[in-house]
Amino acid sequence: MGHEQDEFADFYRASRDPCLRAVTAVVGDRELAEEQVAEAFTRAWMSWGKVRRHTAPQAWVVRTALNFGVSWWRRRRREVPLADHDAAAPAATNGGVDPALITALRRLPARQREVLALRVFLDLDTETTAKVIGIASGTVTAHLARAVAALRRDLPSANTNATEVIR
Amino acid sequence: MKEHDDIMGQVRESFSGLCMDMPVEQVFAAGRVRRRRRLSGLTAAVAATAGAVAAMTLTAGGPGPARPGNPPAPSPGSVQLAAFTVTSGPGDDNTTLILRKGPQYRLDPSALRQALAKHGIPALVTVGTFCRTKSGETASSGQLKHPPAKLADGADALVISSHDVPPGTRLSIGYFPNQIRMALIKDGAPLSCSSTFQQPAARITPAGTPIRVGKKANDIRMPGAVG
């Protein structure tokens, strides 16, 4: 147990930030993402014997966090709001992330966001991303291309950068 | 993929200040709590399973250990096994009823009646008494096609076909410590019940209410008569 604990602790320390960033990029809310990632790491620890053998354990955590979020929303959707005070509070600061980027990410379809997050924050290659999500490699490439194109269009700073690159 | 690097780099850079502060000890603590919950859930499940097994044993009335002669009376608080088993088959239309006798077995007449009803067999189950249609009011057949057979452990097994209990009749089962009596009775007909097979003790009205007849009959108890 001691060895496993050390191994998991190393994994956790190395993975928590990239996983949080990936999930935040997909869900667009830091607090919610933190809750989901914490739950996913707990599950990862509970199933560490299996997770450690996974092709991409960090991706397992991100997928678990996102799935947990989906079931959380499903549960919440069944609940009846009591009054205005039950409405979700506006997202907090999101850890200093550019609000324009968060808005632009939110405009992307969920699958594109997920592909982008796995590629950007976990450095997964196309094949692994495809395997983790369960889609074809070509689809991953297409999703990424569309996501990047949309962000390039929506983010003024990206356009500036692109212009600079062209120059 | 190089053509995406600028945007991907920008996204990466933008999120770089986002850090998770939760220490790993919190994950371990959450895992411990969850394991404890699982364990307690498992314990509860094991207890429930044990209870279910016990209940099944009670319902199934599995054969007890062979006891030559008269088995000793169970001590107070000892587990008593259900005295009956009702199963489907053999064949499509048949139901097998196994009844066991002895102090270690307890017959819940209501449970047996309900079990038989689930198999489509209406029954009147009585303990310590046996009810028949009064003479002259005999049910169409009056007798079951297949008489009870003795099993190796002394239990009585009765195969009842759905045709054995025609509409308008019920199976009357009288459960005694040392014997079991069965007959078909007519619905609505006055019944004659006795605490011994020979001696009629009480009549049961079509509604199933026992009518005590005579002084002697007042002494006759009909525990657990269920119709």
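Proteins get letters first, then strands, A, B, ... in listed order; numbering begins at 1 in each.
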key: Pairwise distance CG(A/Leu20) to CZ(B/Phe15) - rounded to 0.5 angstrom   = 9.5 Å

task = May I ask you to test the B/Gln26-A/Thr42 pair for a side-chain heavy-atom distance under 4.5 Å?
result = no

ask   = Which bit of A/Asp123 is near chain B, if near means a heavy-atom gap under 4.5 Å: side chain, backbone, both or neither?
value = side chain

task = Select one option (side chain, backbone, both, neither) describing which atoms of A/Ala25 are under 4.5 Å from chain B's heavy atoms.
result = both

ask   = Got a second to check how far A/Leu101's CG is from B/Ser14's OG, nearest 0.5 Å?
value = 4.5 Å

task = Measure the spacing between CG of A/Leu116 and CD1 of B/Ile7 and express it to the nearest 0.5 Å.
result = 9.0 Å

remark   = Distance col, row B/Gln10:CD vs A/Leu151:CG, nearest 0.5 angstrom, shows 8.5 Å

message = With a 6.0 Å cut-off (strictly less than), is the heavy-atom count around CD of A/Glu7, excluding the residue itself, greater than 12?
response = yes

key: Between A/Glu39, A/Arg21, A/Glu34, A/Met46, the one whose heavy-atom pairs under 4.5 Å with chain B are most numerous   = A/Arg21

key: Main-chain N/O of B/Met20 paired with A/Asp17 side-chain donor or acceptor, under 3.5 Å   = yes

ask   = How long is the span from the CZ atom in B/Phe28 to the CZ atom in A/Phe41, to the nearest 0.5 Å?
value = 11.0 Å

task = Decide yes or no for B/Leu18 and A/Phe121: does some side-chain heavy atom of the first lie under 4.5 Å from some side-chain heavy atom of the second?
result = no

task = May I ask you to decide whether B/Asp21 forms a salt bridge with A/Arg16, counting only side-chain N to carboxylate O separations under 4.0 Å?
result = no

task = Measure A/Ala145 against the heavy atoms of chain B and call it side chain, backbone, both or neither at under 4.5 Å.
result = both

remark   = In this structure, CD of A/Gln5 is separated from CD of B/Glu25 (nearest 0.5 Å) by 8.5 Å

message = If you define the side chain from C-beta out and look only at heavy atoms, does anything of B/Arg35 sit under 4.5 Å from A/Trp45?
response = yes

